[in-house]
Asker: 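My questions will all concern the structure given below.
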Amino acid sequence: MNNSYHTTADLFRRTDFMLRRCIEKKLRTLDEEIYRSQHRLLMHLGRNPDCSQNELAARLDISPAAVAVSLNKLEKGGYIERKTNADDHRSNRVAITDRGNQIIHNSIRFFDEIDRGMFEGFTTEEMEQFRLFLEKAHENLRRMQAGAEHKGTGKEAAE
């Protein structure tokens, strides 16, 4: 049984690695100036327009400093623009430019192509079962992470 865990986990990691390589290859055809981390920010902004830098950092679970670096590069490339928040002049809202929207439009098409190719030959029932398995694995990892964070907090408090 233990070997089954390792074999399945290894296959999952290799599949994830292959998926990332396919995505990166497609992204290089979009625009050489956009890296995967910047692309992730741009796609998130497309789904959630007018976010602040702090909201982006919280939603994507990355540091505000990393968001700032990526946004600087996206702004320099003309994919986004920052606008001063009318309610709080200390913070900026991030908006996507026409150039950024074109990247998002092409990306959606590419992701659809990759997703369709990855699941080619799957029945509707297999897709639903696969989704349920992934949700279960995701929830198990989420609980493990929450438990580790909780234990870490308790351990630090005891010291």
Asker: How is the hydrophobic cluster of Met144 composed, in terms of its other members, when Ile, Leu, Val, Met, Phe, Trp and Tyr link through side-chain heavy atoms under 4.5 Å apart, directly or indirectly?
Answerer: Leu141

Asker: Is there a chain of hydrophobic side chains (I, L, V, M, F, W, Y, each step under 4.5 Å between heavy atoms) that links Leu19 to Phe119?
Answerer: yes

Asker: Between Gln38 and Lys73, what is the shortest heavy-atom contact and its length?
Answerer: NE2-CD, 3.0 Å

Asker: Ring pair (Phe, Tyr, Trp, His ring centres under 6.0 Å): which pairs involve residues 94-116, sequence neighbours left out?
Answerer: His39-Phe111

Asker: Does atom CZ of Phe122 have more than 12 heavy-atom neighbours, drawn from other residues, nucleotides or ligands, at distances under 6.0 Å?
Answerer: yes

Asker: Output the distance between atom CE (Met18) and atom CZ (Arg21), rounded to the nearest 0.5 Å.
Answerer: 6.5 Å

Asker: Give the cluster check for Met127 versus Leu134: same hydrophobic cluster or not, with ILVMFWY residues linked at side-chain heavy-atom distances below 4.5 Å.
Answerer: yes

Asker: At what distance, to the nearest 0.5 angstrom, does CD1 of Ile103 lie from CG of Leu74?
Answerer: 10.0 Å

Asker: Does one hydrophobic cluster hold both Val69 and Met43, with members joined at side-chain heavy-atom distances below 4.5 Å?
Answerer: no

Asker: For Asn106, what residues pass the side-chain hydrogen bond (donor to acceptor under 3.5 Å, both in side chains) criterion, not counting sequence neighbours?
Answerer: Gln102, Arg109

Asker: CG of Asn101 to CG of Leu45: how many Å apart, nearest 0.5 Å?
Answerer: 10.0 Å

Asker: Salt bridge or not for Glu135 and Arg131, using N-O below 4.0 Å?
Answerer: yes

Asker: What heavy-atom pair brings Ala57 and Ser63 nearest, and what distance separates the two atoms?
Answerer: CB-C, 4.1 Å

Asker: Who pairs with Gln129 by side-chain hydrogen bond (donor to acceptor under 3.5 Å, both in side chains), at least two apart in sequence or on another chain?
Answerer: none

Asker: For Asn48, which residues count as a side-chain hydrogen bond (donor to acceptor under 3.5 Å, both in side chains) partner, sequence neighbours excluded?
Answerer: His44

Asker: Count the heavy atoms belonging to other residues, nucleotides or ligands that lie under 6.0 Å from CG of Asp98, then report whether that count exceeds 12.
Answerer: no

Asker: If every non-hydrogen atom of Leu41 is compared with every non-hydrogen atom of Ser70, which pair is closest and at what distance?
Answerer: CD1-CB, 3.1 Å

Asker: Considering all heavy atoms of both residues, which atom of Arg59 and which atom of Cys51 are nearest to each other, and what is their separation?
Answerer: NH1-SG, 3.2 Å

Asker: Backbone N or O of Gln53 within a donor-acceptor pair of the Arg82 side chain at under 3.5 Å?
Answerer: no

Asker: Whether Arg142 and Glu139 form a salt bridge (side-chain N of Lys/Arg under 4.0 Å from carboxylate O of Asp/Glu) is what I want to check.
Answerer: yes

Asker: Supply the atom-to-atom distance Thr8 OG1 to Arg13 CZ, rounded to the nearest 0.5 angstrom.
Answerer: 10.5 Å

Asker: Mind checking salt bridge (Lys or Arg N to Asp or Glu O under 4.0 Å) for Arg47 and listing every partner two or more places apart, or none if nothing turns up?
Answerer: none

Asker: In Å, rounded to the nearest 0.5 Å, how long is the span from CD1 of Ile96 to OH of Tyr79?
Answerer: 13.0 Å

Asker: So, taking the atom named CG in Asp16 and the one named CG in Leu11, what distance separates them when rounded to the nearest 0.5 Å?
Answerer: 11.0 Å

